[in-house]
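Take a look at the structure set out below.
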Amino acid sequence: VRVEPIVRNWSLRRAFGGNLSAVRDALRNRRVDLVHLIYPDPFLRYDSDSYHLPFLLKFVAGRPLVVTFFGFGVTNAGILTNAGLLSLFATADRVVITDADLLRRFQRTLPWWAAKARGCVVGSIAPTDAPRWTQSRLDERKSSLGLDPGARHIGFFGFWSPDKGLENLLEAQRLLRQEGRRTVLVLIGGRAPDHRIAYENGVIGLGERLGISDTIVETGPLAAHHVARYMVAMDLCALPFKVNPLGRSSLALSLGLGVPTLVTRPSGHDAELLEGSPTLASIDPAEIARSIARLLDDPVALQAAAASASRAARHWSWDEIVSGYAEMYDDLLRKKGRT
């Protein structure tokens, strides 16, 4: 199997400006058997016209079509966006959605297309030679990054957005410090200060208002191997996501590195993927603080959380994700008579 990108960005304007012809020629000249479209944004851009590609492809390609959304949700969208989405759902042979809650919503609100929808998780960005978390030499790993080995470090990785519960985590950090605990919240990754949007600046402002700015470390954007170095220097990783707890690369990274991970409990049977791992029944700051404190106070529980993370990581491995897509491709090609 050979996979290669043909068009990285799409819009109707670009389509009629030459992209459509380029895609058509590429599909014919490269003997493409199946087309896979990927929409990486967790929220579709309002009034965007980039969702009409599947509709147009059906006229120029006639190939089986798979569409993957790394989460999607639209409220107050314009007519053009809604039309594009409906054309996408109608023409795709399979729709893969990495947000379990949104997958269920898709199947419930669009039952006539429910059979073509599938779930999936998101793999880790960690390099294959990334270090693994262990309680031994944790102080040494902290010191190598300039972190205080005498403090307990709580890691949070990823871009800052309203659906990730970061404000709740800051409130929990305030509560932990009020209890006299030497906890430090390490915000790993994210945008550089001069590139932050209003919401991200608001997070910094919240830390100042809570009086915990001196207990927060911001790394700014990092290469994947540096992210991994920070993650394995944490006492634990806290991810109090408000939505889509399973469909995040930050969770995949933390689990894959074997870091004790505290994440919002998924709903329904999805929680079975994290069996044995500590989870948050709610993202109330007091609950987050209590859960963090219980782990930090119990080395045995912390080690058990690390072991649970390693076991759960298999569900987020790229090998398993790719295998699932390969089976889907084979099934579609058999049904289309292309094997």
Side-chain angles (χ1 to χ4, degrees), residues 42 68 70-71 96-104 118-136 138 153-158 163-165 169 186 188-189 224 227-283 287-288 291-292 294-296 298-325 327:
T68 293
F70 283 89
V96 181
I97 302 173
T98 64
D99 185 323
D101 292 333
L102 288 171
L103 172 63
R104 283 189 285 269
R118 299 287 188 277
C120 186
V121 295
V122 180
S124 169
I125 67 165
T128 55
D129 60 347
R132 301 276 302 175
W133 186 93
T134 60
Q135 280 187 306
S136 63
L138 193 59
H153 291 80
I154 304 159
F156 175 94
F157 167 63
D163 58 345
K164 293 188 176 180
L169 186 54
V186 185
I188 305 168
V227 169
R229 284 187 63 207
Y230 269 93
M231 290 291 284
V232 298
M234 300 295 100
D235 290 273
L236 60 86
C237 179
L239 304 171
F241 299 138
K242 296 180 180 179
V243 297
N244 193 19
L246 297 182
R248 308 281 186 171
S249 60
S250 48
L251 176 62
L253 174 72
S254 188
L255 297 176
L257 296 174
V259 181
T261 303
L262 185 63
V263 65
T264 308
R265 185 178 304 157
S267 60
H269 295 300
D270 295 325
E272 295 174 1
L273 296 178
L274 294 170
E275 186 177 359
S277 297
T279 55
L280 293 164
S282 77
I283 57 169
E287 171 65 16
I288 298 171
S291 298
I292 290 173
R294 280 195 295 266
L295 285 172
L296 294 181
D298 189 345
V300 175
L302 205 60
Q303 187 60 55
S308 298
S310 295
R311 288 194 301 271
R314 70 184 188 278
H315 300 297
W316 281 263
S317 75
W318 282 113
D319 286 344
E320 185 153 329
I321 293 170
V322 170
S323 177
Y325 273 113
E327 291 177 8

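FYI, side chains are in, hydrogens and waters are out, and symmetry mates aren't considered; it's all heavy atoms of this structure.
Contact annotation: the side chain of Pro266 never approaches that of Leu273 to less than 4.5 Å [non-hydrogen atoms, C-beta and beyond]. Looking at Leu236 and Ile292, their side chains come closer than 4.5 Å, going by heavy atoms from C-beta outward. Residues Arg294 and Pro278 have side chains not in contact (no heavy-atom distance under 4.5 Å, counting atoms from C-beta outward).
For Asp235 (side chain) and His153 (main-chain N/O), a donor-acceptor pair under 3.5 Å exists by modelled atom type. Remark: the backbone N or O of Arg265 is not paired with any side-chain donor or acceptor of Thr279 at under 3.5 angstrom. Judged purely by atom type and a 3.5 angstrom limit, Ser291 uses its side chain to pair as donor or acceptor with the backbone of Glu287. The backbone N or O of Leu246 lies less than 3.5 Å from a partner atom in the side chain of Trp316, making a donor-acceptor pair.
Ser317 and Arg314 share no side-chain donor-acceptor pair at under 3.5 Å.
Here the closest heavy-atom approach between residue Met231 and residue Cys237 is recorded as CE-SG, 3.8 Å. Closest approach of Ile188 to Phe157, counting heavy atoms only: O-CD1, 3.2 Å. Closest approach of Val232 to Arg132, counting heavy atoms only: CG1-C, 3.8 Å. Taking all atoms of both residues into account, the shortest heavy-atom contact from Leu295 to Ala305 is CD2-CB, 4.3 Å. The minimum heavy-atom distance between Ser267 and Asp101, with the atom names listed, is OG-OD1, 3.3 Å. Considering all non-hydrogen atoms of both residues, Ala312 and Leu274 come closest at CB-CD2, 4.3 Å.
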side-chain contact (heavy atoms from CB on, under 4.5 Å), that's the test. Do Leu239 and Phe156 meet it? Break it down for me. CA-CA 6 Å; Leu239 304 171; Phe156 175 94; 4.2 Å; yes
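Ion pair Asp163/Arg248 flagged as a salt bridge, since at least one NZ, NE, NH1 or NH2 atom sits closer than 4.0 Å to an Asp/Glu carboxylate oxygen.
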Show the atom names and distances, to 0.1 Å, of all donor-acceptor pairs under 3.5 Å that link a side chain in residues 118-130 to residues at least two apart or in another chain.
residue : atom : partner : partner atom : Å
Arg118  : NH1  : Ala115  : O            : 2.7
Ser124  : OG   : Ala126  : N            : 2.9

Under 3.5 Å, sequence neighbours excluded: what are the donor-acceptor pairs made by side chains of residues 254-263?
residue : atom : partner : partner atom : Å
Ser254  : OG   : Thr261  : OG1          : 2.6
Thr261  : OG1  : Val259  : O            : 2.6

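Between Ile97 atom CD1 and Leu103 atom CG the span is 5.0 Å, to the nearest 0.5 Å. Atoms CG and CZ, from Asn244 and Phe70 in turn, are 11.0 Å apart once rounded to the nearest 0.5 Å.
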